[in-house]
Amino acid sequence: MTLTLVPPLSVLPAPVRPDPLGVLGVPGEINLDHAASAPCARAAADAVAGLLPWYASVHRGAGALSRRCTLAYEWARQTVGDFLGARPDDHVIFTRNTTDALNLLARALPAGTTVITFGGEHHANLLPWPRGSVRLPVPDSPAGAVRSLAAALGELARDARPGLPVLVAVTGAGNVTGECLPVADLARVAHRYGARILVDAAQLAPHALVDLTALDVDYVAVSGHKLYAPFGAGVLAGRADWLDAGTPYLAGGGATSHVGAATHDVRWTTGPARHEAGTPNLLGAVALAAVCEALRAADRDALHAREQALLARLRTGLATLPDVVELRMFSPEAPRVGIVSFVVAGRDSAEVAAHLASRHRIGVRDGLFCAHPLTRRLLAEAAARTGRTDLPPTALRASLGLGTTEAEVDTLLAALTTLP
């Protein structure tokens, strides 16, 4: 990233209390829906509370409040860029969320770009891409994903359109099953064929390190509301050239270097501001940066080990319930983050979710999880695998994270044995 600003302490958010990665919640309510929107971390809440008295415009303001907020906003950009392993010449652009980030990149693609995705993506990584994009089948294993991508890129290389850009757009961890794709291996294959690669890290970043440099990926997108900073900010980080050349899909103040008297006499600026028109979401950016800073200071290996133990407890418990069937793309041992989708045979998933909420104060997700093609496929696969003909047409999803306890997992498992 291009920014090297390190502001004095006086412009930074207020120091957080001990345990900055503790999460806020309502006593008695069990939140197992982190994959949709994670609870707010204390680090985010404290950062926002500390900055609110100073809240003012960002950029170009001469007053003390505006200057402090500008420094806080650019400090947030640097902090998030460091968290994501941004390279010196990368852009770190604040967006609303991952969906917004992917749509931004889709609008900035060079003309003629072919985009390759897998069928197992969230809608955010299926719908924004231009016509003519290639959707590969849902892979049956991490290694299968690598082989499928290599075959597709090899075929494109023999196409009659040599030299046109190619972007591979993949998820880091699926929002339906939590299963992880081998991002570094996919990046190596993409670069071997001269393609770029984007990682939708909305579900991966809250659970594992995501580093542009270490993974050697070109772009990464994340959402603050899944990273314990629910204040409406997301990020697209990555290579500057396409972003500086693409026409902004949000036109307005701050994105221009010159606006003339004629209707179309506009010169767009370069850098992140080109894609951040209008008043930026200062509080969202600062909240996200505060969580990123807290996570960088934490023992990520310990956090990962704790989550994996909870995940194993949940999956083992679900496997003992005779009418519960887990959804999965890969083998049961494949790496995954703390997300499990399942069905209860003979039960409507929405009714099960409502029962868990009303009788046991447990929040889980039901439906097709904004990944309709994948979830429908996995439901059909689960029926074929188990021989059951009474599986419902939608699924349930329990997702874990900071603040989840063994007792909460056990409460869910016990509640599923008491369905009316």
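Because only heavy atoms are used, hydrogens play no part in the values below, and waters and symmetry mates are left out as well, while side chains stay in.
- A salt bridge does not link Glu293 with Arg296: none of the charged nitrogens is closer than 4.0 Å to a carboxylate oxygen.
- With rounding to the nearest 0.5 angstrom, the OG1 atom of Thr256 is 7.0 Å from the CH2 atom of Trp268.
- Between the Tyr228 side chain and the Cys292 main chain, no donor and acceptor come within less than 3.5 Å of each other.
- One distance of note links CG of Leu198 with CG of Leu102; it measures 5.5 Å at 0.5 Å rounding.
- At a cut-off of 3.5 Å, with distance as the only test, a side-chain donor of Asp216 or His191 sits close to an acceptor on the other residue.
- Atoms CG and CG, on Leu356 and Leu396 in that order, are 7.0 Å from each other to the nearest 0.5 Å.
- A 4.5 Å side-chain heavy-atom check between Thr404 and Leu32 finds at least one atom pair inside the cut-off.
- Put simply, the side chain of Thr213 gets close to the backbone of Gly85: a donor and an acceptor are under 3.5 Å apart.
- With rounding to the nearest 0.5 angstrom, the CG atom of Leu243 is 5.5 Å from the CG atom of Leu236.
- Salt bridge annotation for Glu333-Arg315: absent, with no cationic side-chain nitrogen under 4.0 angstrom from a carboxylate oxygen.
- By the 4.0 Å N-to-carboxylate-O rule, Arg313 lies close enough to Glu406 to be salt-bridged with it.
- Counting only distance, with no hydrogens or angles, the side chain of Asp200 and the backbone of Gly172 share no donor-acceptor pair below 3.5 Å.
- Seen from the ring of Trp129, Arg135 does not count as a face-on cation partner, given the 6.0 Å and 45° thresholds.
- Counted by atom type alone, Ser223 and Thr98 present one or more donor-acceptor pairs between their side chains at under 3.5 Å.
- With no hydrogens or angles considered, a side-chain donor-acceptor pair links His59 and Glu74 at under 3.5 Å.
- For the 3.5 Å distance criterion, the side chains of Arg196 and Tyr219 qualify, holding a donor opposite an acceptor.
- Each of Thr177, Val176, Asp33 was compared with Arg397 under the side chain to side chain contact (heavy atoms under 4.5 Å, CB included) criterion, and only Asp33 meets it.
- Atom OG1 of residue Thr269 and atom NE2 of residue His275 lie 10.0 Å apart, to the nearest 0.5 angstrom.
- In this structure, His123 has its ring center under 6.0 Å from that of His372.
- With a 4.5 Å cut-off on side-chain heavy atoms, Leu314 and Phe342 do not count as touching.
- Between the side chain of Arg77 and the backbone N or O of Val92, at least one donor-acceptor pair lies under 3.5 Å.
- Side-chain contact between Leu21 and Arg42 is absent, with no heavy atoms from C-beta onward closer than 4.5 Å.
- For Glu179 (side chain) and Met329 (main-chain N/O), a donor-acceptor pair under 3.5 Å exists by modelled atom type.
- Distance alone, capped at 3.5 Å, places no donor-acceptor pair between the Asp366 side chain and the Ala395 backbone.
- Here the side chain of Lys226 pairs no donor or acceptor atom with the backbone of Gln203 at under 3.5 angstrom.
- Within a 6.0 Å sphere centred on CZ of Arg388, other residues, nucleotides and ligands contribute more than 12 heavy atoms.
- A salt bridge is absent between Asp390 and Arg347: the closest approach of a Lys/Arg side-chain nitrogen to an acidic carboxylate oxygen does not fall below 4.0 angstrom.
- The shortest side-chain heavy-atom distance between Leu368 and Arg376 falls under the 4.5 Å cut-off.
- Put simply, the side chain of Ile362 does not reach to within 4.5 Å of the side chain of Glu29, judged on heavy atoms.
- Thr405 places a side-chain heavy atom less than 4.5 Å from the side chain of Glu408.
- Between His360 and His355, the ring centre distance stays below 6.0 Å.
- Separating the CZ atom in Arg336 from the CD atom in Gln308 is a distance of 9.5 Å, to the nearest 0.5 Å.
- A side-chain donor-acceptor contact under 3.5 Å links Asn281 to the backbone of Phe231.
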